[in-house]
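Quick notes on the structure that follows.
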Amino acid sequence: MALALAEARDARDRGEVPIGAVVVSPDGDVLARAGNRTLALSDPTAHAELLAIREACARIGSERLTDCDLYVTLEPCAMCAAAISFARIRRLYFGASDPKGGAVEHGPRFFSQAACHHAPEVIGGLDESEAAALLKAFFACRR
């Protein structure tokens with residue numbers, strides 16, 4: 001989670017919403033790491049999770065990340081939850097909960113839906129206070 005938090009801080013420093021993600025192989029190797037880049041890429045799908053998943057898939061040459069784990073600083077949205085499912089991520093670790101936009105423990109609870117083909121094991125609350133503080137400080141400066 002420390003690497004995901006570092007990616008979130010880098011995103012913040014670029015003026016992006018401070019969310020970071022890291023994909024780890026079954027052997028514990030970091031396959032990919034990313035922070036949000038929606039502004040830089042003018043792409044509403046350039047969430048940290050999607051960027052990290054895309055990079056990891058390209059690195060191993062497969063659309064599946066079976067037995068890989070994803071660390072992300074904020075509870076994933078519905079779009080990212082769907083990508084996590086399609087990539088067959090083994091385990092999702094996330095930091096802060098997102099009652100408004102989250103789709104894992106909040107909102108649509110994507111992994112509990114019949115349309116979800118694969119549900120990873122989910123562990124929330126890792127370094128939650130640090131992840132939440134990054135987001136709160138970022139948005140406090142915007143208001």
Side-chain angles (χ1 to χ4, degrees), residues 1-139 142:
M1 187 57 84
L3 293 175
L5 287 164
E7 288 294 329
R9 287 189 290 275
D10 289 348
R12 174 203 59 204
D13 295 346
R14 293 189 307 271
E16 302 273 2
V17 175
I19 300 170
V22 177
V23 177
V24 178
S25 77
D27 298 328
D29 297 324
V30 173
L31 295 175
R33 51 192 287 180
N36 272 10
R37 291 194 177 273
T38 59
L39 299 174
L41 299 176
S42 299
D43 180 356
T45 70
H47 289 195
E49 301 96 319
L50 291 183
L51 296 173
I53 288 169
R54 288 174 187 152
E55 182 181 332
C57 286
R59 185 167 175 193
I60 67 169
S62 174
E63 78 282 7
R64 301 277 191 255
L65 296 171
T66 306
D67 295 326
C68 292
D69 297 336
L70 175 67
Y71 293 80
V72 63
T73 57
L74 183 66
E75 176 183 353
C77 68
M79 174 181 67
C80 293
I84 290 164
S85 176
F86 291 140
R88 305 298 194 264
I89 296 286
R90 170 180 62 178
R91 200 171 293 123
L92 165 65
Y93 297 91
F94 71 86
S97 293
D98 186 358
K100 183 178 178 184
V104 176
E105 293 182 345
H106 297 89
R109 299 175 194 250
F110 185 83
F111 300 131
S112 300
Q113 300 300 317
C116 178
H117 298 287
H118 168 79
E121 180 181 349
V122 177
I123 297 103
L126 260 62
D127 293 324
E128 182 174 14
S129 58
E130 186 174 353
L134 274 170
L135 288 158
K136 286 177 185 169
F138 177 82
F139 287 112
R142 299 271 190 246

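Both backbone and side-chain heavy atoms feed into the values below; hydrogens, waters and symmetry mates do not.
- In terms of heavy atoms, His47 sits closest to Thr38 at CD2-CG2, 3.9 Å.
- With values rounded to the nearest 0.5 angstrom, Asp67 atom CG is found 10.0 Å from Ile89 atom CD1.
- Put simply, the side chain of Glu16 gets close to the backbone of Leu39: a donor and an acceptor are under 3.5 Å apart.
- Counting only distance, with no hydrogens or angles, the side chain of Glu105 and the backbone of Glu75 share no donor-acceptor pair below 3.5 Å.
- The two atoms that bring Cys57 and Leu65 nearest to each other are SG-CG, 3.8 Å, heavy atoms only.
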- [ ] Please test Glu7 against Leu51 for side-chain contact (heavy atoms from CB on, under 4.5 Å), starting from the C-alpha separation and ending with a verdict.
- [x] CA-CA 12 Å; Glu7 288 294 329; Leu51 296 173; over 6 Å; no
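- No side-chain donor-acceptor contact under 3.5 Å links Ser97 to the backbone of Pro99.
- Note: Arg33 CZ to Glu55 CD = 10.0 Å, rounded to the nearest 0.5 Å.
- Although no hydrogens or angles enter the test, the distance criterion places a donor-acceptor pair under 3.5 Å between the side chain of Thr73 and the main chain of Gly20.
- Looking at every heavy atom in both residues, Leu50 comes nearest to Cys80 through CG-SG, 4.1 Å.
- Considering only heavy atoms from C-beta on, Val24 comes within 4.5 Å of Tyr71 through its side chain.
- Between the side chain of Asn36 and the backbone N or O of Pro18, no donor-acceptor pair lies under 3.5 Å.
- The distance from atom OG of Ser25 to atom CZ of Arg90, rounded to the nearest 0.5 Å, is 9.0 Å.
- The two residues Ala21 and Leu70 come nearest to each other via the heavy atoms CB-CD1, 4.1 Å.
- The minimum heavy-atom distance linking Ala48 with Ala34 is given by the pair CB-O, 3.6 Å.
- Without hydrogens or angle criteria, Arg59 side chain to Arg54 main chain gives no donor-acceptor distance under 3.5 Å.
- Panel note: side chain His118, backbone Ala87; no donor-acceptor pair is recorded below 3.5 Å.
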Donor-acceptor pairs under 3.5 Å, side chain of residues 120-134 to any protein atom, not counting sequence neighbours: which ones?
{"unit_1": "Glu121", "atom_1": "OE1", "unit_2": "Arg91", "atom_2": "NE", "d": "3.0"}
{"unit_1": "Glu130", "atom_1": "OE2", "unit_2": "Arg9", "atom_2": "NH1", "d": "2.9"}

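- For the pair Asp29 (side chain) and Leu31 (backbone), a donor-acceptor distance under 3.5 Å is absent.
- Contact detail for Ser85 and Phe110: the closest heavy-atom pair is CB-CE2, 3.9 Å.
- The backbone N or O of Ile84 sits nowhere less than 3.5 Å from a side-chain atom of Glu49 that would complete a donor-acceptor pair.
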